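Residues take their numbers from the sequence shown, with the count starting at 1. Since we're looking at a predicted model, the values are computed, not measured.
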Amino acid sequence: MNEMITAALYQERRLALMEQMDEKSVVLLFSGKTIMRSADEEYPFSVDRSFYYLCGIDRADMVLLMHNLQGEVKSELFIPPYDAELAKWVGPRMKEEEAMEISGVDAVYPIEQLKEHLHDKIVYHRDGCPLTFGLDLWKYRVDQDDTPAHAFAAYVRHQYPDCWISDIYDRLVALRIVKSKAEIACMRKAQQTTKQAIEELMAYAKPGVNERALEGAFDFALAKQGVKEHAFPSIVAGGARATTLHYSDNDQIVKDGELVLLDLGSTHQHYCADISRTFPVNGKFTPRQKELYELVLEIQEKIIHTAKAGMELRDLQNMVIRHYEENLHRLGLDRNGKQVADYYWHGVSHHLGLDTHDISLRNEQVLEPGMVITVEPGIYVEEEGIGIRIEDDILITETGAIDLSEGILKSVEEIESFMAKAKKEA
C-alpha cells in the first residue's frame, strides 16, 4: 500500500501515449464541464477519467495538451483563471503552481489562450505535412451528446481543414487496461472501505426494512470512512426485484424470508470496487435459497482459482454456462423446456479501473498480467422470487489471479454467523 500515484507517473503515462502517436501530433484531453440541472443548480461534476489518468487533476473546464513537434514530448495545461470574487462563493479555483505540482506538466496557461497556442503551432508547422490532432471521440450510444472533444474536432475541421483528426480511444485503452502497482493499491483501498460498509449494511438488515434504508446504511458507512464517491449507483434489491439485473428503485420493503441482492462499490482516487453479495434479510438461508446460492458460489470460486494470463473472457463465460447446464436438471430448473439463458443472461466479467466498466475494446478479450476484472456469475429464478449474484474483483497474473475482494463475507456459513452475531449485539 506504499505505492503512490505521483507527478512522475503522470509524466510516464503521457510519454507512453505520445510514443504511440505519429510525428507532428497534438493530443488534447478535456476534463469535462459542469452540467446545469435546474434553475441555478448543477449536477455533481465527474471528471473525464482519461484526462485524470494523464494528469491527476479533478477539476472542470481544463484541457491537457501534449505534442511532439520539436522531437520531444511536451505537456501543457490550460486552466480557468483564479477568481478571488468567485472564491468567496464556491471556493478557489486551482492556481497554476498547484496544477503544475500535481500533474508535472511543462507549462500551465489560462484556458482563454488555448486556441491562440494551437493556431501558433499550426502556422509554425505548416510545411506540407499537416498536423494530426489526437482526440478521444468514443461514444457509448449513437444518441449520446457530443463531448468537448467532438466540439473541438468540428472546430478544427472548419478552421483548419488541412489538419487531420485521429481518434485515440484505442491508445487510451492500451494504457489504462493494465494497472500499475500504484493503481492496484488504490483499488485495494476501495475494496477495504466497501467491505466495511457492506458489513454495516448487513448488520442493520432485518425483515421489514426498506431497501432505501439499507442503501443509506451503506452510504453512511462509506461517509464515516471519508469516502465521497461511489463507483456507481447502488443496487439494493429484495426478493423478486433481484431478478432485474440493474434494478434501481431501491424503495421497497424486504419481507421476512426474502434474499437481498447488493451490487455496489466504493472508490479511492476514482479507482473502483465493484462487489455483489446476496444474503437473507432474516439472517438464515432457506434450503432452496442455499442450494441455488451455492451453485453460484461454486462456479464463482472456480473461476477465481482458474483465471490467469492467456485465457479469454469468453473462456470464463463458457465455464459458467457449462456449470449451469450440468446442474439445471438437478435443481429442477429445466422444466417446460427452459435453458440456462432463461436464468442467466449477462457476462461473467468486465474490466475494472477508473471506470466501473473500464474502457476496453471488443478484441480486448485475452487476459494479461496487470488487468483487473470482475467475476460475477448470477442466477435469476423469477418464478421463485429469487435473484442471486456474487461478485468479486481479481487481479490477473501470469500464474493465476489474486482476489482483491478476499475477506468480504461470502460463504453461507460466514453470512449466517455474521448476521446471528449482529442480531445478538443489536
Could you tell me whether the side chain of [Y] reaches within less than 4.5 Å of the side chain of [X], counting heavy atoms only?
{"X": "Arg13", "Y": "Ser180", "answer": "yes"}
{"X": "Phe418", "Y": "Lys421", "answer": "no"}
{"X": "Ile373", "Y": "Ile394", "answer": "yes"}
{"X": "Thr397", "Y": "Pro369", "answer": "no"}
{"X": "Leu313", "Y": "His351", "answer": "yes"}
{"X": "Lys410", "Y": "Asp392", "answer": "yes"}
{"X": "Glu391", "Y": "Asp263", "answer": "yes"}
{"X": "Ser75", "Y": "Tyr10", "answer": "no"}

Taking atom [atom1] of [X] and atom [atom2] of [Y], what is their separation to the nearest 0.5 Å?
{"X": "Tyr293", "Y": "Ile386", "atom1": "OH", "atom2": "CD1", "answer": "13.5 Å"}
{"X": "Ile35", "Y": "Asp145", "atom1": "CD1", "atom2": "CG", "answer": "7.5 Å"}
{"X": "Phe133", "Y": "Leu118", "atom1": "CZ", "atom2": "CG", "answer": "5.0 Å"}
{"X": "His150", "Y": "Leu137", "atom1": "NE2", "atom2": "CG", "answer": "5.0 Å"}
{"X": "Asp170", "Y": "Asp136", "atom1": "CG", "atom2": "CG", "answer": "10.0 Å"}
{"X": "Lys255", "Y": "Glu258", "atom1": "NZ", "atom2": "CD", "answer": "6.0 Å"}

Please evaluate residues Lys302 and His323 with respect to the criterion side-chain contact (heavy atoms from CB on, under 4.5 Å), reporting the C-alpha separation (whole Å), side-chain torsions for both, the decisive distance (0.1 Å), and the verdict.
CA-CA 10 Å; Lys302 182 177 181 180; His323 177 70; over 6 Å; no
Please answer whether the main-chain N or O of [Y] pairs with a side-chain N or O of [X] as donor and acceptor at a distance below 3.5 Å.
{"X": "Gln289", "Y": "Gly257", "result": "yes"}
{"X": "Ser234", "Y": "Leu264", "result": "no"}
{"X": "Thr194", "Y": "Ser266", "result": "yes"}
{"X": "Glu41", "Y": "Arg37", "result": "no"}
{"X": "His268", "Y": "Ala273", "result": "no"}
{"X": "Asn68", "Y": "Asp22", "result": "yes"}
{"X": "Arg171", "Y": "Met21", "result": "no"}
{"X": "Tyr53", "Y": "Leu175", "result": "yes"}
{"X": "Lys139", "Y": "Thr147", "result": "no"}
{"X": "Gln317", "Y": "Val348", "result": "yes"}

Decide yes or no on side-chain contact (heavy atoms from CB on, under 4.5 Å) for Leu333 and Asp342, but give the supporting numbers first.
CA-CA 9 Å; Leu333 295 175; Asp342 294 301; over 6 Å; no
When the ring planes of [X] and [Y] are compared, do they come out parallel, tilted or perpendicular, using 30° and 60° as the limits?
{"X": "Trp345", "Y": "Tyr380", "value": "tilted"}
{"X": "Phe78", "Y": "His117", "value": "perpendicular"}
{"X": "His270", "Y": "Tyr52", "value": "perpendicular"}

Do the two ring centres, one from His346 and one from Tyr344, sit under 6.0 Å apart?
yes
Six-ring centre of Tyr82, Lys95 cation under 6.0 angstrom, axis tolerance 45°
yes
Does Tyr271 have Lys179 sitting over its ring (NZ/CZ under 6.0 Å from centre, angle to axis within 45°)?
no
Take atom [atom1] of [X] as the centre, draw a 6.0 Å sphere, and report whether it contains more than 12 heavy atoms from other residues, nucleotides or ligands.
{"X": "Glu23", "atom1": "CD", "result": "no"}
{"X": "Phe45", "atom1": "CZ", "result": "yes"}
{"X": "Gln113", "atom1": "CD", "result": "yes"}
{"X": "Glu414", "atom1": "CD", "result": "yes"}
{"X": "Tyr204", "atom1": "OH", "result": "no"}
{"X": "Gln159", "atom1": "CD", "result": "yes"}
{"X": "Gln339", "atom1": "CD", "result": "no"}
{"X": "Trp138", "atom1": "CH2", "result": "yes"}

Carboxylate-amine/guanidinium proximity below 4.0 Å for [X] and [Y]:
{"X": "Asp393", "Y": "Arg188", "answer": "no"}
{"X": "Asp106", "Y": "Arg14", "answer": "no"}
{"X": "Glu199", "Y": "Lys195", "answer": "yes"}
{"X": "Lys338", "Y": "Glu383", "answer": "yes"}
{"X": "Lys121", "Y": "Glu76", "answer": "yes"}
{"X": "Glu312", "Y": "Arg314", "answer": "yes"}
{"X": "Arg176", "Y": "Asp355", "answer": "yes"}

With salt bridge (Lys or Arg N to Asp or Glu O under 4.0 Å) as the criterion, how do Asp83 and Lys88 come out once you've worked through the C-alpha distance, each side chain's angles and the decisive distance to 0.1 Å?
CA-CA 9 Å; Asp83 186 329; Lys88 297 176 182 178; over 6 Å; no
Side-chain donor-acceptor pairs of residues 210-222 under 3.5 Å, sequence neighbours excluded:
from: Asn210; atom 1: OD1; to: Arg212; atom 2: N; distance (Å): 2.7
from: Asn210; atom 1: ND2; to: Asp251; atom 2: O; distance (Å): 3.2
from: Glu211; atom 1: OE1; to: Tyr247; atom 2: OH; distance (Å): 2.6
from: Glu211; atom 1: OE1; to: Asp251; atom 2: N; distance (Å): 3.0
from: Glu211; atom 1: OE1; to: Gln252; atom 2: N; distance (Å): 3.0
from: Glu211; atom 1: OE2; to: Gly238; atom 2: N; distance (Å): 2.9
from: Glu211; atom 1: OE2; to: Arg241; atom 2: NE; distance (Å): 2.6
from: Glu211; atom 1: OE2; to: Arg241; atom 2: NH2; distance (Å): 3.0
from: Arg212; atom 1: NE; to: Asn250; atom 2: O; distance (Å): 3.4
from: Arg212; atom 1: NH1; to: Glu215; atom 2: OE1; distance (Å): 2.9
from: Arg212; atom 1: NH2; to: Asp249; atom 2: O; distance (Å): 2.7
from: Glu215; atom 1: OE1; to: Asn250; atom 2: ND2; distance (Å): 3.3
from: Asp219; atom 1: OD1; to: His230; atom 2: NE2; distance (Å): 2.7

Side-chain donor-acceptor pairs of residues 59-67 under 3.5 Å, sequence neighbours excluded:
none

Would you name the heavy atoms of Ser360 and Val173 that are closest together and state the gap between them?
CA-CG1, 3.8 Å
Val296, Ile379, Val375 screened by side chain to side chain contact (heavy atoms under 4.5 Å, CB included) with Ile390, the one that passes
Val296
For Asp48, give me all partners under side-chain contact (heavy atoms from CB on, under 4.5 Å), at least two apart in sequence or on another chain.
Leu29, Ser50, Phe51
Can Glu200 and Gln196 be counted as having a side-chain donor-acceptor contact under 3.5 angstrom?
yes
